[in-house]
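Below is one structure, written out as structure tokens; the observations come after it.
So that the names make sense, note that chain A is the first sequence line, chain B the second, and so on, each numbered from 1.
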Amino acid sequence: MPELPEVEVTCQGLRKHLLGRTVENIWYSGLPLRTVFDIDRIRDDLEQKKLVAVSRRAKYLQLHFDHEALLVIHLGMTGNLGIFEQDTPRKKHDHLEWRFADGTLLRFNDSRRFGSITHVPAETVASLEKTLYRTTGPEPFSEIFNGAYLQRLARNRTVAVKQLIMTNQVVAGVGNIYANESLFRAGIRPARRIATISPSRWQGLATCIREVLSEAIACGGSTISDFVNASRETGYFQVNFRVYGRQGQPCTVCRTTIEKQMIGGRASYYCPVCQK
DNA sequence: CAAGTTACCTGACGGC
DNA sequence: TGCCGTCAGGTAACTT
């Protein structure tokens, strides 16, 4: 999926184009997404309501309406939200379409349908952290996410460091690409067992995760196969990938050949010299 | 409790 | 040309 930076960039695009507009009607393909939702209830609650804010929690996009209800969208692996002028033909795998009062269309396209839509009525918004986000850890940009926090969570666990930082309950929004890139920047091998990491290296890792995510957001995210932000521009952070997808190519720092290794079923890339 | 496995779904790609 | 296996940015419900 879109990882945290791509969701953040989408969030910014939606804000720029749709804030203050009123939803006229909602179309749905009828095909199941990852979670069940009641389209009739969503229409009853959100049609004729004004979009007043767009925010992000982990990799979830939150559309806030003027009666305090939310529509929470997860893009899964292949989902994307795009803004189109009225009468633009729908494409294969379009699943939801919001038509705003001025004719602007917002579309959710998702070939694998791993994405999800969650309607949060106004009266249940306050309990979101205990419901939808009950297993979601702190935001990487929050103060509590630091080296001491990571080290504390690493106690009593035996997994590789890459698996730890990709665990949603540990930190929100770090997926496979940015886990690989953050570990390269921190100089830590993805397969390193967490018991052997020193306090200063944990702090360095927390810092590197924040830096990599911030830079990716500033670049407009990455385009791997199908991510396009909400104003139809592709991100360009992928030109800054140091290890992801670069097995067999020289390390940008020391020219050593980048290696690939499967860890927990996920492709992991590292420089055997720069990362220990 | 942690950690490993499976499931959800389509599409791209390599080997034959 | 097509058939088959594998892999792909995610997450949660399972089992071990």
So, [X] and [Y], do they make that salt bridge, N to O below 4.0 Å?
X	Y	value
A/Glu6	A/Lys59	no
A/Asp110	A/Arg113	no
A/Arg107	A/Glu97	yes
A/Arg242	A/Glu181	no

Nucleotide by nucleotide, nucleotides 1-10 of chain B touches protein heavy atoms under 4.0 Å in the pattern (B base, S sugar-phosphate only, - none) -SSS---BBB

Q: For nucleotides B/dT5 and C/dC7, find the distance between their P atoms and express it as a whole number of Å.
A: 14 Å

Ranking C/dA8, C/dG10, C/dA13 by distance to the side chain of A/Glu3, first place goes to C/dG10

Considering only heavy side-chain atoms of A/Ala267, the closest of C/dA8, C/dA13, C/dT11 is C/dA8

Taking Watson-Crick and G-U wobble contacts under 3.5 angstrom, with | marking pairs to another strand and [ ] crossing pairs, the secondary structure of DNA chain B is written .|||||||.|||||||

### Query
Looking at A/Arg266, does any N or O in its side chain come under 4.0 Å of the phosphate oxygens OP1/OP2 on C/dA8?
no

- request: Answer yes or no: are there more than 12 heavy-atom neighbours, outside A/Glu123 itself, under 6.0 Å from its atom CD?
  value: yes

To the nearest 0.5 Å, atom NZ of A/Lys91 lies from atom OG of A/Ser111 at 12.5 Å

Exercise. May I ask you to check whether A/Tyr133 and A/Tyr60 place their ring centers less than 6.0 Å from one another?
Key: yes

Residues passing the ring pair (Phe, Tyr, Trp, His ring centres under 6.0 Å) test with A/Tyr28, sequence neighbours excluded, are A/Phe37

Nearest-nucleotide check on DNA chain C, A/Thr136 vs A/Gly265; residue mapping nearer the 5' end is A/Gly265

